[in-house]
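As structure tokens, the structure follows; a few thoughts come after it.
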Amino acid sequence: MSETVNPTLLFAALFAAATFILAVRLRRRRNQADDSASRAIREGERADRESARADRRAQRLDALLDATDDAVLRVLPDLTIRAASPASKEILAREVEDLRGRPLIEATVDHRLEELAREALNGSVARGEISLRDLRPGHSDEMRHVQVTAAPDGDEGAWILLRDLTEIVRLRQIRTEFVDNLSHELRTPLSTIRLLAESIATASERGDVSGAKERAAQIEVEVLHLVQMADEMLDLATLEAGEVALRSAPVDLLALAQETAARFSPVATRHGGEIRVEEIGTGPWVVPGDRDRLRQVLANLVHNGVKYSRPEGRVTIRLTQAAAADPNPCVEIQVADEGIGIERRHLSRIFERFYTVERIPNETPSVGGAGTGLGLAIARHAILRHGGSIEVDSTVGVGTTFTIRLPLR
Ligand code: ADP
């Protein structure tokens, strides 16, 4: 007996099987799609958490930069500045907002600094000293000596710490020059004293004491010169280092001018000259300042005026009233002489320490002996410390005028 398959049943069975398989496949595919969607969501959430954490870390690092007194930059791997401490402005002459996002090379104009930053980005700590052009307006011909330490920031960027050594280098240089000048300036009087002492000793061995008195007097002059130099060097060193605060009390410049004129008048009149005090305007002549320092400055200028005067030359101390409308009112004090004058080429240098102008013999000052070349350096430093200024103008054979301006406030 042959069995016959009912085609309808067979079709129904096949249809049911196909539907079942399709449903199973569809479910599997849906499950797979659900899986990858939830994985993507989880990864997205993790990435969000990571980026929020990175943001918080960056904010903490930026807050650290805000709090530091040092000049510190944070740079990104592409060598742009991510953040800068407020003190960076001192060295880079740009506001923090202006530094942010700027390429390092553009903000610092220094390839060596960029190299150090690159080393730090590659994972090592790099150190060096660089000379940066002073980027402040009006200072472009000055250089700043900056010590750099660059280190990885633990993220993907780098820290750059900048320490301005300009002042330290300047003081180091002053000290070296000072010692050089000092040994040079001491040698001349000391060898003169030695020669004079030797000649007294040799003569006295022969029983000859005739010139001993004059030579002893010459020794005394040289010793006084050395003492003066020692005092002035101490003054200059103190003023230059800025370590000692100047006193600030009302100083009557008219009284000071009259006192100085009286002090040097006997020397001036001995050579037929005179010292005058002139007032242009009615004052006020009282400025805040250190009376002893200002007296020292005025004495130096008036003494020079008398020293470098021609016979019968007059020295005038002139006080000029500040213009009432001046936003920074000041008193002007001029010390003008009718002396030998100073050649133009020396004018910019006479305020340097130990700078003296070589004179042809018959122009050598006959009053007061040789100077130390320190007086004007001291005067300049003292006036600058008062917030004032000092200038010189001179015509050879006609005379010299020093002009000091001191702020009234
Ligand atoms: P010094 O103690 O040698 O006078 P200063 O520093 O006071 O040192 O002055 C420096 C130099 O400037 C002097 O050596 C002198 O050549 C010159 N000088 C200063 N004042 C005058 C002046 N009034 N007239 C001419 N030359 C001057």
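Atoms within a ligand are numbered from 1 in the order they appear, just like the ligands themselves.
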(request) Give the atoms of ligand 1, by number and element, whose distance to some non-hydrogen atom of Leu374 is under 4.0 Å. (result) 6 (O), 8 (O)

(message) Within the 4.0 Å heavy-atom shell around Thr356, which atoms of ligand 1 are there?
(response) 3 (O), 14 (O)

(message) If I apply the N/O under 3.5 Å rule, does Ile342 come out as touching ligand 1?
(response) no

(request) List in chain and number order the residues that pass side-chain hydrogen bond (donor to acceptor under 3.5 Å, both in side chains) with Arg310, two or more places apart in sequence or in another chain; answer none if no residue qualifies. (result) none

(message) Polar contacts were defined as any N/O atom of the residue lying under 3.5 Å from an N/O atom of the ligand; does this apply to Ala377 and ligand 1?
(response) no

(message) Quick check: Asp337 and ligand 1, any N/O pair under 3.5 Å apart?
(response) yes

(message) Within a 6.0 Å radius of atom CZ on Arg29, are there more than 12 heavy atoms belonging to other residues, nucleotides or ligands?
(response) no

(message) Restricting to ring pair (Phe, Tyr, Trp, His ring centres under 6.0 Å), what partner residues turn up for Phe264, sequence neighbours left out?
(response) His303

(message) If the cut-off is 4.0 Å to any non-hydrogen atom of Lys307, which atoms of ligand 1 fall inside it?
(response) 1 (P), 2 (O), 4 (O)

(message) How about CG on Asp69, more than 12 heavy atoms from neighbouring residues, nucleotides or ligands closer than 6.0 Å, or not?
(response) no

(request) Going by heavy-atom distance to atom 5 (P) of ligand 1, choose the closest among Thr400, Leu376, Val392. (result) Leu376

(message) Are Thr260 and Ile275 packed together at the side-chain level, in the sense that at least one heavy-atom pair is separated by less than 4.5 angstrom?
(response) no

(request) Number the atoms of ligand 1 from 1 as they appear, then name those within less than 4.0 Å of a heavy atom of Gly373, with their elements. (result) 1 (P), 2 (O), 3 (O), 6 (O), 8 (O)

(message) Please determine whether the number of non-hydrogen atoms from other residues, nucleotides or ligands lying under 6.0 Å from atom CD of Glu156 exceeds 12.
(response) no

(message) Can you name the atoms of ligand 1, numbered from 1 with element, that are less than 4.0 Å from a heavy atom of Tyr355?
(response) 10 (C), 11 (C)

(message) Taking CD in Glu278 as the centre, count heavy atoms belonging to other residues, nucleotides or ligands within less than 6.0 Å. Is the count above 12?
(response) yes

(message) Under 4.0 Å from a heavy atom of Asn300: which atoms of ligand 1 are those, numbered in the order shown and with their elements?
(response) 7 (O)

